[in-house]
Structures are given as C-alpha cells and as structure tokens.
Engineer: 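Supplied in structure tokens, the structure appears directly below.
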Amino acid sequence: MFWVKGEKYRDILIPERLVEYLNLYIKERKHKPTDYLFLNELRNTPMSRQSVHNVIKLYSGLSKVKFSSTHAHNFRHLYCLRLAEEGLTIDEIADLAGHANIKTTRIYTRKIKQDLINVIIGGYMCICNGCAWSM
C-alpha cells in the first residue's frame, strides 16, 4: 500500500517477476533497511518528487528523448494504455490505476486520431481533409 496524490493510500499490484528484481535491488543497495523503496543516495531519505523528475530527465537525455516529453506521470499513461491494448475493460483499468472516476481513466486510455482511423479502416489508409484514400 502506498501513499499517493490526494492524500490517500493505494494498493499497487506488482507482477511476481518484478518483485524478484525489487528484492535484488533492496538486497544490493547501500542503505540500511527502511520502509521506503527508493532512497536519495546522498542522504538515505525517501526520494522526493524532484529527485524522481531529475533521474527521468537524466536518462531521457542519455537516450535522446525530448526533455519536454519526459515526466514521471507519463509512466501511468503508458501503463493504462498498455492495459487497454491487452484488452482490459475501462473498469478494470480504472481499478488497477486506482481511479475513483472513470472519466480519469478515459483520459489515460484515449487513442490518437491515427490509431482510431486504423481501427476503422483496417488495412486501408485514410487521410482526411485534403489528403487521399489508398488501398
């Protein structure tokens, strides 16, 4: 159970395979045992939101991803989108994401316009507003 935005606790379901890696991480980290999973290496305190942001920006720069496109919250969007692609219903995704309001989940699972066009026309390509049809 984790303390999250909105001053509430949320259960986080973690796949068994990930639990193995997290346990290895905990075993190998330099810091003494604590209730917190990720710690600031210099102070042995829980990572702040800013520290998480800085780590994401660091690795996005190393991987040549645009800084403007990298935010911790993007991982939630990606998670929900992947669940939708796996065929989970919006209600199931809302439960897994901890959303009380289904409208919030809808924002996370919206497809881009081209994805919707591809669903509708299957193998055909449709380019509207001044563009052409092709088969």
Engineer: Verify side-chain contact (heavy atoms from CB on, under 4.5 Å) between Phe38 and Val52, making sure each step is shown before the conclusion.
Structural biologist: CA-CA 9 Å; Phe38 299 109; Val52 171; over 6 Å; no
Engineer: List the steps and the verdict of side-chain contact (heavy atoms from CB on, under 4.5 Å) for His99 and Ile93.
Structural biologist: CA-CA 8 Å; His99 295 153; Ile93 297 169; 5.9 Å; no
Engineer: Please determine whether residues Leu78 and Tyr59 belong to a single hydrophobic cluster, defined as Ile, Leu, Val, Met, Phe, Trp and Tyr linked transitively by side-chain heavy-atom distances below 4.5 Å.
Structural biologist: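 Cluster IDs for Leu78 and Tyr59 differ.
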Engineer: Minimum heavy-atom separation for Arg76 to Ala97, with atom names?
Structural biologist: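 Shortest heavy-atom separation between Arg76 and Ala97 comes out as NH2-O, 2.9 Å.
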Engineer: Backbone N or O of Leu37 within a donor-acceptor pair of the Arg29 side chain at under 3.5 Å?
Structural biologist: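 Yes, because the side chain of Arg29 sits within donor-acceptor range (under 3.5 Å) of the backbone of Leu37.
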Engineer: Return the CG to CG distance between Leu18 and Leu22, rounded to the nearest 0.5 Å.
Structural biologist: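 Answer rounded to 0.5 Å: 4.0 Å.
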Engineer: Just verifying a value: how many Å separate Asp95 CG and Leu83 CG, rounded to the nearest 0.5 Å?
Structural biologist: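 Rounded to the nearest 0.5 Å, the CG-CG separation comes to 11.5 Å.
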Engineer: Let me confirm one number: the CZ-OG distance from Arg43 to Ser51, rounded to the nearest 0.5 Å.
Structural biologist: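 Reported to 0.5 Å precision, the distance equals 6.5 Å.
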Engineer: Other than Tyr36, what residues sit in its cluster of Ile, Leu, Val, Met, Phe, Trp and Tyr side chains whose heavy atoms are under 4.5 Å apart, directly or through others?
Structural biologist: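 Hydrophobic cluster check, Tyr36: joined to Leu39.
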Engineer: With sequence neighbours excluded, tell me which residues meet salt bridge (Lys or Arg N to Asp or Glu O under 4.0 Å) with Glu92.
Structural biologist: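 Listed in chain order: nothing, the list is empty.
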Engineer: Could you grab the distance from atom CD of Glu86 to atom CG of Leu81, nearest 0.5 Å is fine?
Structural biologist: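 Atom-to-atom, Glu86:CD and Leu81:CG are 11.0 Å apart.
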Engineer: Surrounding CD of Gln50 (heavy atoms of other residues, nucleotides or ligands, distance under 6.0 Å), is the total greater than 12?
Structural biologist: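 Result for CD/Gln50: enclosed.
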Engineer: Of the non-hydrogen atoms in Lys57 and Thr70, which two are nearest, and what is the gap between them?
Structural biologist: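 Heavy atoms only, the tightest pair is NZ-O, 2.9 Å.
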Engineer: Run the numbers on Ile56 and His71 for side-chain contact (heavy atoms from CB on, under 4.5 Å), then give the verdict.
Structural biologist: CA-CA 7 Å; Ile56 290 170; His71 305 282; over 6 Å; no
Engineer: Begin from the C-alpha positions of Leu96 and Leu88 and carry the test side-chain contact (heavy atoms from CB on, under 4.5 Å) through to its verdict.
Structural biologist: CA-CA 10 Å; Leu96 289 170; Leu88 275 71; 3.6 Å; yes
Engineer: So, Arg17 and Glu20, do they make that salt bridge, N to O below 4.0 Å?
Structural biologist: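 Glu20 and Arg17: not salt-bridged.
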